[in-house]
Amino acid sequence: MSLLNDLVNLNLCDVTEKVIAEYIWIGGSGMDMRSKARTLPGPESDPSKLPKWNYDGSSTEQATGDNSEVIIYPQAIFRDPFRRGRNMLVMCDAYTPTGDPIPTNKRFIADKIFSHPDVVAEEPWYGIEQEYTLFQKDTKWPLGWPVGGFPAPQGPYYCGVGSDKAFGRDIVDAHYKACLFAGINISGINGEVMPGQWEFQVGPVTGISSGDQVWMARYILERITEIAGAVLSFDPKPVLGDWNGAGAHTNYSTKLMRNDGGIEVINEAIEKLSKRHKEHIAAYGKGNERRLTGLHETADINTFSWGVANRGASVRVGRDTEKEGKGYFEDRRPSSNMDPYVVTSMIAETTILWKP
């Protein structure tokens, strides 16, 4: 095994200018991530200068067997924390051979919204709190839970310390450092309320880059759980009963919100969100009705609400924002399996472009 590890960790910089680029895209379910690698003549920082590639869409539920070729366009480049050196991770989106975005390409639609002059002028910032659950590979039960049984009730696990409270910290810390290495603006991590559940935060990031960075952070996390022999779940309610679900709370601000007097702009934005509550809920993740029950720090899925420092509301305004009269707000409705391209662009569309 030591020879295998030596080969895996070979530093290619001393012997060749060539680099390995891992092309990454989103599969047909909207949550499965796919990737494959290719050799390039050298490193590159501009994704538009990287070659397009293709894959068999009939094997990812994105094309039929008689017309299976899907073309992937490089959109964002990150350093590769697995191969290291000058090697790259490349976030891509998917198109037909004629250049049309395939139906599961949510990035294309989001980019159109973020490219609108009114949205560009507002410089929308996002901070996404991505919750997830680690499962034992063989038992399909959360990490740290007794097989066939349950741990002690919730209470000591949130930001907890100790072998009986924090399960999977090595995975979490490895992911934290790997994201920083990759160039992702990961801003923190913490243990969550349900044992075996964790959270990482990405932001502040502007516009379409928020979706790129969250998807890449998800990819890196899944690769690390693959190495560790654990299973990663973004299910919004991974265990039924008196256990917290998993969300992707989305913190948001525009330039006007961040300026003096921004609280009025925040209030107007929240009012707009309230009028499109059903449309947002429909786009905020599958199975969210199992999570948004009005219990476990959630609002009821059928009712829009907001409040200052209220974690049981649909939208929360922080105490600092209220005190300073400017800042940001948190949309607490998105589920852990949401598509960040969809959620971020929809919030911008509703609060900046939509006219009631």
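Closest heavy-atom contact between R84 and F181: CG-CZ, 3.8 Å. Taking each heavy atom of P146 and P151 in turn, the nearest pair found is CD-N, 3.9 Å. Residues T133 and P238 share a closest heavy-atom pair of OG1-CG, 3.4 Å. Taking every heavy atom of both residues into account, A166 and G160 meet most closely at CB-O, 3.8 Å. Of all heavy-atom pairs between N288 and G285, the closest is CB-O, 3.6 Å. Closest approach of P204 and W125 over heavy atoms only: CB-CE3, 4.3 Å.
In this structure, R38 does not pair ionically with E22, as no charged nitrogen and carboxylate oxygen lie closer than 4.0 Å. Classification of D235 and R290 as a salt-bridged pair holds, one side-chain N sitting under 4.0 Å from a carboxylate O. Salt-bridge check for D32 with R34: passed, with a basic side-chain N closer than 4.0 Å to an acidic carboxylate O. Taking the charged nitrogens against the carboxylate oxygens, R86 and D80 have no contact shorter than 4.0 Å, which rules out a salt bridge.
At distances below 3.5 Å, at least one donor-acceptor pair connects side-chain atoms of T350 with backbone N or O atoms of M346. Judged by distance alone, with hydrogens and angles left aside, the side-chain atoms of Y126 form no donor-acceptor pair with the main-chain N or O of S209 at under 3.5 Å. Looking at N87, its side chain never comes within 3.5 Å of a backbone N or O of A21 through a donor-acceptor pair. Looking only at distances, no side-chain donor or acceptor of E129 sits under 3.5 Å from a matching main-chain atom of H249. Judged by distance alone, with hydrogens and angles left aside, the side-chain atoms of N9 form a donor-acceptor pair with the main-chain N or O of N5 at under 3.5 Å. With hydrogens and angles disregarded, no donor-acceptor distance shorter than 3.5 Å links the side chain of S115 to the backbone of K112. Of the possible polar contacts, none joining the T254 side chain to the P124 backbone as a donor-acceptor pair under 3.5 Å is found. In terms of modelled atom types and a separation under 3.5 Å, the side chain of T298 and the main chain of L292 share no donor-acceptor contact. Side-chain atoms of E69 never come within 3.5 Å of backbone atoms of P97 as a donor-acceptor pair (strictly under, hydrogens ignored). Side-chain N or O atoms of Q75 include none that pairs as donor or acceptor with a backbone N or O of D212 at under 3.5 Å.
Of the listed residues (I220, I77, I20), just one forms a side chain to side chain contact (heavy atoms under 4.5 Å, CB included) with L89, and that residue is I220. When the options N251, T344, V205, V343 are evaluated for a side chain to side chain contact (heavy atoms under 4.5 Å, CB included) with I128, the one that passes is T344.
Linking ILVMFWY residues whenever their side-chain heavy atoms come closer than 4.5 Å, directly or via other members, places I189 and L232 in the same cluster. By the criterion of side-chain heavy atoms lying less than 4.5 angstrom apart, applied directly or through intervening Ile, Leu, Val, Met, Phe, Trp or Tyr residues, V214 is grouped together with Y341 in one hydrophobic cluster. Placement of F82 and M88 in two distinct hydrophobic clusters is found when ILVMFWY residues are connected by side-chain heavy-atom separations under 4.5 Å, directly or transitively. In this structure, F234 is not a member of the same hydrophobic cluster as I301, with clusters built from ILVMFWY side-chain heavy atoms closer than 4.5 Å. When hydrophobic clusters are built by joining Ile, Leu, Val, Met, Phe, Trp and Tyr residues whose side-chain heavy atoms come closer than 4.5 Å, directly or via intermediates, I227 is grouped together with L221.
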Check your understanding: Can you list the steps and then say if S35 with Y219 is a side-chain contact (heavy atoms from CB on, under 4.5 Å)?
Key -> CA-CA 9 Å; S35 75; Y219 171 82; 3.2 Å; yes
Exercise for review: Take S253 and R258, measure what side-chain hydrogen bond (donor to acceptor under 3.5 Å, both in side chains) needs, and give me the verdict at the end.
Suggested key: CA-CA 7 Å; S253 71; R258 298 187 292 269; 2.8 Å; yes
Check your understanding: Yes or no on side-chain contact (heavy atoms from CB on, under 4.5 Å) for W198 and E192, after CA distance, side-chain angles and deciding distance?
Key -> CA-CA 5 Å; W198 294 83; E192 269 302 331; 5.8 Å; no
Review point. Can you check side-chain contact (heavy atoms from CB on, under 4.5 Å) on V202 and M216, steps first, answer last?
Key: CA-CA 11 Å; V202 173; M216 188 57 68; over 6 Å; no
**Study point:** Pair W25-Y55, ring pair (Phe, Tyr, Trp, His ring centres under 6.0 Å): steps then yes or no
**Key:** CA-CA 10 Å; W25 69 96; Y55 67 89; 4.3 Å; yes
Exercise for review: Test K272 against K275 for side-chain contact (heavy atoms from CB on, under 4.5 Å), laying out the working first.
Suggested key: CA-CA 5 Å; K272 285 184 174 182; K275 292 179 179 179; 5.9 Å; no
Exercise for review: Given ring pair (Phe, Tyr, Trp, His ring centres under 6.0 Å), test W145 with F135 step by step and report yes or no.
Suggested key: CA-CA 9 Å; W145 289 40; F135 277 74; 8.3 Å; no
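Cation-pi geometry between R316 and W306 is not satisfied (NZ or CZ under 6.0 Å from the ring centre, within 45° of the ring normal). By the 6.0 Å and 45° rule, K237 does not stack over the aromatic ring of W243. The cationic group of K52 lies under 6.0 Å from the six-membered ring centre of Y73 and within 45° of the ring axis, placing it in a cation-pi geometry.
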Which atom pairs, donor and acceptor, lie under 3.5 Å between side-chain atoms of residues 170-177 and protein residues at least two apart or in another chain?
| from | atom 1 | to | atom 2 | distance (Å) |
| --- | --- | --- | --- | --- |
| H175 | NE2 | A217 | O | 2.9 |

Which donor-acceptor pairs under 3.5 Å do the side chains of residues 259-270 make with protein atoms, sequence neighbours left out?
| from | atom 1 | to | atom 2 | distance (Å) |
| --- | --- | --- | --- | --- |
| N259 | ND2 | K255 | O | 3.3 |
| D260 | OD1 | K326 | NZ | 3.0 |
| N267 | ND2 | I263 | O | 3.3 |

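Side-chain contact between Y95 and V70 is absent, with no heavy-atom pair separated by less than 4.5 Å. In this structure, the side chains of P47 and K49 stay at 4.5 Å or more apart for every pair of heavy atoms. The side-chain heavy atoms of S314 and R332, taken from C-beta on, include no pair separated by under 4.5 Å. With a 4.5 Å cut-off on side-chain heavy atoms, M338 and T250 count as touching. Contact annotation: the side chain of H280 approaches that of L273 to within less than 4.5 Å [non-hydrogen atoms, C-beta and beyond]. Side-chain contact between S345 and F114: present, with at least one pair of heavy atoms (C-beta onward) separated by less than 4.5 Å. Within the 4.5 Å cutoff, the side chain of T96 has heavy atoms near those of the I102 side chain. Taking 4.5 Å as the limit, every side-chain heavy atom of N190 sits out of range of all side-chain heavy atoms of F200.
Taking the six-membered ring for Trp and the full ring otherwise, Y252 and Y328 have centroids separated by 6.0 Å or more.
Atom NZ of K137 and atom CG of L134 lie 14.5 Å apart (nearest 0.5 Å). In this structure, the separation between OG on S29 and NZ on K286 is 7.0 Å, given to the nearest 0.5 Å. The structure places OG of S187 at 5.0 Å from CD of Q201, a figure rounded to the nearest 0.5 Å. Here the straight-line distance linking atom NZ of K36 with atom CG of D56 works out to 8.5 Å at 0.5 Å rounding. Put simply, CH2 on W215 and CD1 on I24 are 12.0 Å apart, with the number rounded to the nearest 0.5 Å. Remark: E297 CD to N310 CG distance equals 10.5 Å, nearest 0.5 Å.
Under the 3.5 Å distance criterion, with hydrogens and angles disregarded, a donor-acceptor pair is assigned to the side chains of H277 and R333.
The local environment of CD in E279 is crowded, with over 12 non-hydrogen atoms from other residues, nucleotides or ligands closer than 6.0 Å.
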